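One structure is given here, and the rest of the page talks about it.
From a predicted model like this one, the values you see are computed outputs, not experimental measurements. Note that ligands are numbered from 1 as they come in the structure, with each ligand's atoms numbered from 1 the same way. For reference, positions follow the sequence shown, starting with 1.
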Amino acid sequence: MSDTNLDIEKLKNLQFKIMKDVAASALIPLMRIGDQLGLFQKLSELGPINSKKFAEEARVDERYLREWLYALSATDFVSYDGAKEEFSLSPEQRAVFADEEGPANMMGAYEVLAGQVYAEEKVIDAFKTGAGVAYENACPLCFTGTARFFKPSYQVNLIKKWLPMIDGFEEKMNLGGSFADVGCGHGLSTLMVAQAFPEASVFGFDFHEPSIIEAKKLADNAGSSEKISYEIADAKSYSGNYDYIAFFDCLHDMGDPVGAAKYAYDRLNDDGAVILIEPTANDKPEENFNIYGQMYYSFSTMGCIPVSKSQEVGLALGAQAGPAKLIKVLEKAGFRDCKIVKKNATNMVLEARK
Ligand SMILES: C[S@@+](CC[C@H](N)C(=O)[O-])C[C@H]1O[C@@H](n2cnc3c(N)ncnc32)[C@H](O)[C@@H]1O
């Protein structure tokens, strides 16, 4: 069937866009291979190097490695010197792919993407039934990848840029305030808060047992296990009262965000605040139709909507809910003073008070 109303220019533009997206998506398995075989770190140590020597040092087959190197050079993730037939990583490529602890690392994104491809069958069923996909059925890569993906941004922003925007936060925490990180996942944010405010009482709650086990392990490795109390708990069942209750990149994942916010309201000391970190979004969907929206709506279709629908209420806010919907959730929970205190291209920070 051919449509005579086709605008050939528009068609070509669409096809070119698809080619670009397909080329980017084709890298997903290659990035996972490089990550798991430690090829980025090896190239960082050894480069500039030809593929034969690199293969010997990395103990992998040269032909596979060479094709991998060509693919990554074609997209400028690896640098290639054609005259010498040598491969290397520039300082920027090293920072993004090889420096695991650095603030520019982005490898976690590929881990999340691989986990989402794995979820395909389950989400197809969910599309047909409207049911959710519970965390216990999600690919473990989604959890490890999420923690790894968020870590660099938390390292750069959380303590130095975001939390100082919460009125009185630093002062109160330095004087021994209490902080609960609800939906803490692997607890990287919890650990950063505990390390930055040694006088404060810091708690991490998540209903996903493997995440809490991992959070405890990471705190232990960092020598901070005494400073943080982790517990397996739903957002509507943890105990205690706190000066600050945080929902970092998780309120929209919850089935009952209003119930979770109401519960936090009741657990909050009178002059305390709930702190949300959420993906940056505008209120109207069409205002999110850009590369960030493409990424977040996609993550949300495969992850945030299915997990929210698997829980009680199943509100399914989605990762691009936008400020108005989030503030409505907080106001329904009883909060009176809700506002965005910081926003960058990927995240926004909201503060809610009684
Ligand atoms: C996208 S992850 C974010 C984890 C962590 N806050 C971070 O920023 O890395 C969402 C987390 O929310 C947790 N979660 C979702 N619904 C929950 C609920 N109802 N009660 C407690 N935790 C929940 C999940 O187990 C998961 O660890």
Side-chain angles (χ1 to χ4, degrees), residues 108-109 111-112 115-116 119 132-159 162-163 179-194 202-216 218-219 228 230-239 244-264 267 274-279 295-296 298-300 302-321 329 333 346-349:
E111 212 165 311
V112 175
Q116 299 211 325
V133 181
Y135 277 109
E136 53 265 33
N137 295 322
C139 176
L141 288 174
C142 292
F143 299 99
T144 52
T146 300
R148 202 173 167 203
F149 188 36
F150 289 166
K151 183 175 159 185
S153 169
Y154 286 167
Q155 276 174 337
V156 173
N157 296 305
L158 187 67
I159 303 298
W162 292 345
L163 292 176
F179 173 88
D181 194 354
V182 178
C184 64
H186 287 193
L188 297 176
S189 50
T190 334
L191 183 56
M192 286 176 203
V193 169
V202 177
F203 300 79
F205 302 109
D206 199 294
F207 72 172
H208 184 245
E209 186 177 4
S211 289
I212 288 293
I213 292 171
E214 184 61 21
K216 285 183 176 168
L218 292 173
I228 310 171
Y230 282 116
E231 210 181 290
I232 301 163
D234 183 84
K236 294 190 286 186
S237 72
Y238 54 94
S239 53
Y244 298 99
I245 300 180
F247 295 86
F248 292 160
D249 255 304
C250 63
L251 192 75
H252 67 267
D253 289 320
M254 293 178 181
D256 183 11
V258 177
K262 250 188 205 146
Y263 191 82
R267 300 256 145 225
V274 153
I275 309 167
L276 301 191
I277 295 176
E278 281 287 319
M295 177 182 75
Y296 281 132
S298 303
F299 284 163
S300 192
M302 299 306 291
C304 313
I305 299 291
V307 296
S308 176
K309 272 179 163 278
S310 76
Q311 299 181 32
E312 198 182 25
V313 181
L315 189 66
L317 271 177
Q320 290 286 267
V329 163
T346 54
N347 285 100
M348 51 193 190
V349 183

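The contact set between ligand 1 and His208, taken as ligand atoms under 4.0 Å from a residue heavy atom, comprises 25 (O). The distance from ligand 1 to the heavy atoms of Cys184 drops below 4.0 Å at these ligand atoms: 5 (C), 6 (N). Interface of Thr146 with ligand 1, defined as ligand atoms under 4.0 Å from a residue heavy atom, comprises 1 (C). Near Gly183, with a cut-off below 4.0 Å to any heavy atom, the atoms of ligand 1 are 4 (C), 5 (C), 6 (N), 11 (C), 12 (O), 13 (C), 22 (N).
Ring pair Phe207/Tyr135 is perpendicular by interplanar angle, where above 60° counts as perpendicular and below 30° as parallel.
For ligand 1, the polar-atom distance check finds no N/O of Asp249 at less than 3.5 Å from any of the ligand's N/O atoms. On a distance-only criterion, Asp253 and ligand 1 share no N/O pair closer than 3.5 Å. For ligand 1, the polar-atom distance check against Cys250 finds no nitrogen or oxygen pair separated by under 3.5 Å. By the 3.5 Å distance cut-off applied to N or O atoms, Asp206 is counted among the residues near ligand 1. Every N/O-N/O distance between Phe143 and ligand 1 stays at or above 3.5 Å. The distance criterion of under 3.5 Å between nitrogen or oxygen atoms is not met by Met254 with respect to ligand 1.
What you find for Gln320 and Pro279 is that their closest heavy atoms are NE2-CB, 3.9 Å. Closest non-hydrogen pair, Val202 versus Ala194, comes out as CG2-CA, 3.9 Å.
Residue, atom and distance of the protein heavy atom nearest to atom 9 (O) of ligand 1 are Phe150 CD1, 3.4 Å. In this structure, the protein non-hydrogen atom closest to atom 7 (C) of ligand 1 is Tyr154 OH, 3.6 Å. The shortest contact between atom 20 (N) of ligand 1 and any protein heavy atom is with Ala235 N, 2.9 Å. The nearest heavy-atom contact from the protein to atom 14 (N) of ligand 1 is Phe207 CE2, 3.6 Å. With hydrogens left out, the protein atom closest to atom 16 (N) of ligand 1 is Gln311 NE2, 3.1 Å, a heavy atom.
Going from atom OG of Ser153 over to atom CD1 of Ile277 covers 7.5 Å, rounded to the nearest 0.5 Å. Distance check: Ile275 CD1 to Phe179 CZ gives 5.5 Å after rounding to the nearest 0.5 Å. Taking CG from Asp253 and OG from Ser300, the interatomic distance works out to 8.0 Å, rounded to the nearest 0.5 Å. For the atom pair Phe150 CZ and Thr346 OG1, the distance stands at 9.0 Å (nearest 0.5 Å). The CG atom of Leu191 sits 13.0 Å away from atom NE2 of His186, with the distance rounded to the nearest 0.5 Å.
Within the 4.0 Å heavy-atom shell around ligand 1 one finds Ala233. Heavy-atom distances between Ser189 and ligand 1 stay at or above 4.0 Å for every pair. Judged by the shortest distance from any of its heavy atoms, Asp234 lies inside the 4.0 Å radius around the atoms of ligand 1.
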How far apart are the C-alpha atoms of Val329 and Leu317, what are their side-chain angles, what is the distance that settles it, and do they pass the side chain to side chain contact (heavy atoms under 4.5 Å, CB included) test?
-> CA-CA 10 Å; Val329 163; Leu317 271 177; 4.2 Å; yes
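Judged by distance alone, with hydrogens and angles left aside, the side-chain atoms of Ser308 form no donor-acceptor pair with the main-chain N or O of Gly314 at under 3.5 Å. With Tyr238 contributing its side chain and Arg267 its backbone, the two residues share no donor-acceptor pair below 3.5 Å.
The side chain of Tyr135, and not its backbone, has at least one atom closer than 4.0 Å to an atom of ligand 1 (non-hydrogen atoms only; side chain from C-beta on).
Side-chain contact of Asp181 with Ser189: a donor-acceptor pair under 3.5 Å is present, judged by distance alone.
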